[in-house]
Student: 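Quick one: the structure is below, questions incoming.
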There are 2 protein chains.
Amino acid sequence: MNVGEVAALAGVTVRTLHHYDRIGLLSPSGRTAAGYRQYSPADLDRLHAVLLYRELGFPLEEVAALLSEGADPAEHLRRQHRLLRDRLERTQAMVAAVEKEMEAHAMGISLTPEERFEVFGEHDPAQYEAETQERWGETDAYAESRRRTRMYAKEDWLRIRDEGAEVERRFAEALRSGVPADSEQAMDVAEAHRQHITRWFYECSPEMHDGLGRMYVEDERFTAHYEEITPGLAQYVSTAVQANAVRQA
Amino acid sequence: MNVGEVAALAGVTVRTLHHYDRIGLLSPSGRTAAGYRQYSPADLDRLHAVLLYRELGFPLEEVAALLSEGADPAEHLRRQHRLLRDRLERTQAMVAAVEKEMEAHAMGISLTPEERFEVFGEHDPAQYEAETQERWGETDAYAESRRRTRMYAKEDWLRIRDEGAEVERRFAEALRSGVPADSEQAMDVAEAHRQHITRWFYECSPEMHDGLGRMYVEDERFTAHYEEITPGLAQYVSTAVQANAVRQA
DNA sequence: GCTTGACCCTGACGCGACGTCAGGCCGCAC
DNA sequence: GTGCGGCCTGACGTCGCGTCAGGGTCAAGC
């Protein structure tokens with residue numbers, strides 16, 4: 001196969017293949033009399049590995065080092081698999097973070113700067129690999145512990161969302177069964193709401209909660225959020241929250 | 001906040017912030033008398049969005065365009081969420097591709113070049129399919145080259161294959177002696193199969209195993225591998241594996 | 001046999017997104 | 001007042017290619 005075909009197959013440009021040849025990362029195993037590059041199946045194998053490592057963020061020099069370590073193909077597949085799964089987890093964490101922000105935004109809550117930036121931590125795969133390898137070796141225990149702590153974080157988040165949804169459900173049910181918004185029962189739900197915010201997001205005093213209550217009917221985004229659950233719920237929640245604020249004061 | 005603090009918080013270098021200032025992507029809203037950059041919370045918001053878009057692969061110029069479009073924050077969050085989910089899908093596809101290749105490798109099956117590269121970029125398979133098939137598909141050279149590159153870690157490799165063959169032998173025997181594919185006994189062999197993969201290749205969850213099971217009857221090369229051992233074995237293994245996946249869940 | 005157009009070659013320069021000094025000013029502590 | 005860490009502005013370097021420029025190659029069609 002000559003460059004053009006390989007390029008089309010692998011979804012890269014001819015220039016890229018020239019570049020890889022020049023820097024010695026992937027030199028075709030043959031040339032025609034006219035000097036045309038000829039790629040063998042083994043070259044394609046190598047290209048495949050190169051592209052995967054590149055996609056994972058490794059600088060080409062390190063890719064070359066990895067591939068010349070004399071590791072067998074299965075070893076590379078295992079490593080690529082591990083790195084891809086790390087990336088999957090990381091992306092999931094970012095999705096969760098964005099969802100959290102949407103939720104917070106919908107609730108009118110502002111996250112702390114640390115919280116917002118925490119997903120942008122160490123993530124350079126090359127650096128990560130070298131560093132952890134040095135520090136912990138390649139122990140499964142370490143990988144396992146990382147996996148589990150991330151799981152916990154995710155589970156926590158799911159619990160938070162479930163709890164929030166539960167409070168909203170209780171509000172909606174109270175509204176549906178005709179319980180007055182300023183009754184004891186509705187105020188108890190409002191208090192649960194305040195506790196929920198305090199426990200998971202920030203110290204929410206009764207006055208702050210009162211402010212939130214007002215915002216729930218003034219801010220159209222929040223109103224929309226609650227109206228979507230049940231018509232009239234925004235006003236209902238607002239009233240209950242403010243009544244509860246008075247009771248707590 | 002001054003540059004150093006912001007840099008530490010966001011996990012970028014000071015130089016990066018200088019760069020963003022220079023190109024007008026993120027200019028701090030203030031300066032001290034001495035010329036020190038002063039970042040406001042709003043600047044942090046913007047930086048957060050910048051870093052997310054950057055992470056998603058947007059060139060900085062486009063990030064600037066996106067952010068100056070005057071879209072509200074929620075719009076950006078929605079877009080980022082969408083892009084992240086796309087990325088999640090793509091990564092999952094790549095994980096699946098690597099798993100398929102490991103499986104193929106373990107069985108001594110070679111995938112076609114198009115198949116191996118298909119996760120990279122979207123090219124029209126029909127265009128090159130016939131051609132490459134003809135050229136590489138079944139040639140001895142291709143098989144030979146693959147066989148040779150596979151020889152590296154010979155001893156380990158032989159052990160792994162022996163173990164795999166043993167599992168296949170147990171499957172074949174169960175089939176021959178009329179043990180139902182969804183019986184306890186067959187499922188136990190399936191579980192041994194899953195453990196084998198986990199031990200030697202990658203952490204194979206029940207769902208992943210379920211996916212493999214389906215592949216054994218959908219992909220003719222895998223089917224052929226099993227049918228060569230005993231007619232009906234592909235379907236048998238597939239059923240047992242899927243039954244076991246249900247049991248493990 | 002000759003032209004034509006697609007494909008290939010090797011420089012060589014350009015670019016995006018920073019890294020990395022160099023040389024010098026600020027600010028707070030001791 | 002003298003360190004010492006942090007900040008400033010150039011300015012050049014690097015990585016992974018993109019993009020011409022100038023020229024040879026190959027299969028097809030006339």
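Letters go in sequence order (proteins before strands), and every chain restarts at 1.
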Student: Examine distances only and state if a side-chain atom of Ser68(A) and a backbone atom of Ala65(A) form a donor-acceptor pair shorter than 3.5 Å.
Tutor: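 Yes, Ser68(A) side chain to Ala65(A) backbone: donor-acceptor pair under 3.5 Å.
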Student: Would you check if Leu9(B) and Glu5(B) make a side-chain contact, meaning some heavy-atom pair closer than 4.5 Å?
Tutor: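 No; the side chains remain at least 4.5 Å from each other.
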Student: Quick check on dC18(C): is either OP1 or OP2 less than 4.0 Å from any side-chain nitrogen or oxygen of His18(B)?
Tutor: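 His18(B) to dC18(C) OP1/OP2: no side-chain N or O under 4.0 Å.
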Student: What is the distance, to the nearest angstrom, from the CZ atom on Arg31(A) to the C1' atom on dC8(C)?
Tutor: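 For the pair Arg31(A) CZ and dC8(C) C1', the rounded distance is 10 Å.
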Student: Write down the distance between CG (Leu26(B)) and C1' (dC18(C)), rounded to a whole number of angstrom.
Tutor: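 Spelled out: CG on Leu26(B) to C1' on dC18(C) is 15 Å.
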Student: OP1 or OP2 of dC8(D) versus the side-chain N and O atoms of Arg37(B): is any pair under 4.0 Å?
Tutor: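 Arg37(B) to dC8(D) OP1/OP2: side-chain N or O found under 4.0 Å.
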Student: I'd like a table of atom pairs between the protein and nucleotides 24-26 of chain D - only N or O on both sides, under 3.5 Å - with the distance next to each one.
Tutor:
unit_1	atom_1	unit_2	atom_2	d
dG24(D)	N2	Tyr36(A)	OH	3.1
dT25(D)	O4'	Tyr36(A)	OH	3.2

Student: Whole angstroms only, please: what is the CG-P distance between Asp21(A) and dC8(C)?
Tutor: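 Distance, rounded to whole Å: 14 Å.
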Student: Could you check whether any side-chain heavy atom of His19(A) comes within less than 4.5 Å of a side-chain heavy atom of Leu60(A), counting everything from C-beta outward?
Tutor: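 Heavy-atom side-chain distance check passes, below 4.5 Å.
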Student: Could you state the interatomic distance from CG (Leu52(B)) to CZ (Arg79(B)), rounded to the nearest 0.5 Å?
Tutor: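 Going from CG on Leu52(B) over to CZ on Arg79(B), the span is 12.0 Å.
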Student: Dump the pairs, protein N or O against N or O of nucleotides 14-17 of chain D, anything under 3.5 Å, distances to one decimal.
Tutor:
unit_1	atom_1	unit_2	atom_2	d
dG16(D)	OP1	Leu60(A)	N	2.7
dC17(D)	OP1	Arg54(A)	NH1	3.1
dC17(D)	OP2	Tyr20(A)	OH	2.7

Student: For Arg85(B), does the CZ atom sit with more than 12 other heavy atoms under 6.0 Å from it, leaving out its own atoms?
Tutor: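 Atom CZ in Arg85(B) is not crowded, with 12 or fewer foreign heavy atoms closer than 6.0 Å.
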Student: Could you walk me through whether Arg15(A) and Tyr20(A) pass the side-chain hydrogen bond (donor to acceptor under 3.5 Å, both in side chains) test, one step at a time?
Tutor: CA-CA 9 Å; Arg15(A) 179 66 178 90; Tyr20(A) 292 171; over 6 Å; no
Student: Should we count CD of Glu61(A) as having more than 12 external heavy atoms under 6.0 Å?
Tutor: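 No, because the 6.0 Å sphere around CD of Glu61(A) holds 12 heavy atoms or fewer from other groups.
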Student: Measure the distance from CZ on Arg22(A) to P on dG18(D) and round it to the nearest whole Å.
Tutor: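 Computing the Arg22(A):CZ to dG18(D):P distance gives 15 Å.
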Student: May I have all residue pairs that pass salt bridge (charged side-chain N to carboxylate O under 4.0 Å, His left out) and include part of residues 39-50 of chain B, sequence neighbours excluded?
Tutor: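 Of all non-adjacent pairs touching residues 39-50 of chain B, those that pass salt bridge (charged side-chain N to carboxylate O under 4.0 Å, His left out) are Arg116(A)-Asp45(B).
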